[in-house]
Amino acid sequence: RRLFFDTHALVCLLEENGFTTQQSEVIVSALVKIMNTNLDMIYKDMVTKVQQEIALQQVMSHIGGVKKDMIILEKSEFSALRSENEKIKLELQQIKKQVLDEITKVRADNKLNLNLEKSRVKELHAQQDRALTQTDRKIDTEVADLKTMLESHKLDNIKYLAGSVFTCLTVALGFYRLWI
């Protein structure tokens, strides 16, 4: 057997790092024994070329047998499987059609419900808009009435003020005339 490292160089390296020559040789011989044991175990698991060729021939003969069995099965059982497969395909197509029909019905129902809800919402918005418009009109009417009333009171106040001023002026002129 060949070793893939230099045992003498390893002994020298161990001696350089403080081991004695005897200790270094013992360590290296132990390493060699360990490697040989590991290689023996590896070689036990390996097969020879002859064994490999025999195994290959056995596998090839098994493959040939399986091919023959497959041909026989294809003629008998595969035809039964194919017909069963076709039946299942037809059933699946029918189920698919039924599911699509149900989906179409559900979609139509949902669209109808959605459209009804939309019309209800539009009606509600229209009612709210009408109520808002009526409220705006009432507010505008009340504001206009209040403005009219304010103008009326303003004119009345101006009349009373003008009357009071003229009355005061008349009284003042009367007193002035009396004293002059």
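All residue numbers refer to positions in the sequence shown, counting from 1. This structure is a prediction, so every number in the text was calculated from the model and none was measured.
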Problem set entry | Stepwise side chain to side chain contact (heavy atoms under 4.5 Å, CB included) check, Asn85 with Lys89 | CA-CA 6 Å; Asn85 193 17; Lys89 280 183 181 179; 4.2 Å; yes
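- Between the CG atom of Leu10 and the CG atom of Leu31 there is a distance of 6.5 Å, given to the nearest 0.5 Å.
- The CG atom of Leu92 lies 14.5 Å from the NZ atom of Lys97; values are rounded to the nearest 0.5 Å.
- Under the 4.5 Å side-chain criterion, counting only non-hydrogen atoms from C-beta, Glu15 is in contact with Thr21.
- By the side chain to side chain contact (heavy atoms under 4.5 Å, CB included) test, Gln52 pairs with Val47, sequence neighbours left out.
- The side chain to side chain contact (heavy atoms under 4.5 Å, CB included) search around Gln128 returns Leu124, His125, not counting sequence neighbours.
- Other members of the cluster containing Val143 are Ile139, with ILVMFWY side chains joined at under 4.5 Å, either directly or via other members.
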For this session: Give the intermediate values and the outcome of side chain to side chain contact (heavy atoms under 4.5 Å, CB included) for residues Ile71 and Lys68.
Result: CA-CA 5 Å; Ile71 291 170; Lys68 289 177 187 175; 5.7 Å; no
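- Checked for salt-bridge contact, Arg130 and Glu123 meet the test: a charged N lies under 4.0 Å from a carboxylate O.
- Expressed to the nearest 0.5 Å, how far CD of Glu117 lies from CG of Leu112 amounts to 10.5 Å.
- Think of Trp179 as one node in a network of Ile, Leu, Val, Met, Phe, Trp and Tyr side chains linked at under 4.5 Å; its network also takes in Leu178.
- Taking Glu151 as the reference, nothing meets the side chain to side chain donor-acceptor pair (under 3.5 Å) condition, with sequence neighbours excluded.
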Exercise answer: donor-acceptor pairs, residues 154-164 side-chain atoms, under 3.5 Å, sequence neighbours excluded:
{"from": "Asn157", "atom 1": "ND2", "to": "His153", "atom 2": "O", "distance (Å)": "3.4"}
{"from": "Ser164", "atom 1": "OG", "to": "Tyr160", "atom 2": "O", "distance (Å)": "2.8"}

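- Atom CD1 of Ile27 and atom OG1 of Thr7 lie 13.5 Å apart (nearest 0.5 Å).
- Side-chain N or O atoms of Glu53 include none that pairs as donor or acceptor with a backbone N or O of Val50 at under 3.5 Å.
- Around atom CD of Gln51, more than 12 heavy atoms belonging to other residues, nucleotides or ligands sit under 6.0 Å away.
- Within the model, atoms SG of Cys168 and CG of Leu173 stand 11.0 Å from one another, a figure rounded to the nearest 0.5 Å.
- Considering Asn36, Asn38, Thr37 in turn, Asn38 is the only one that fulfils the side chain to side chain contact (heavy atoms under 4.5 Å, CB included) rule with Ile34.
- To the nearest 0.5 Å, the span separating OG1 on Thr141 from CG on Asp136 amounts to 10.5 Å.
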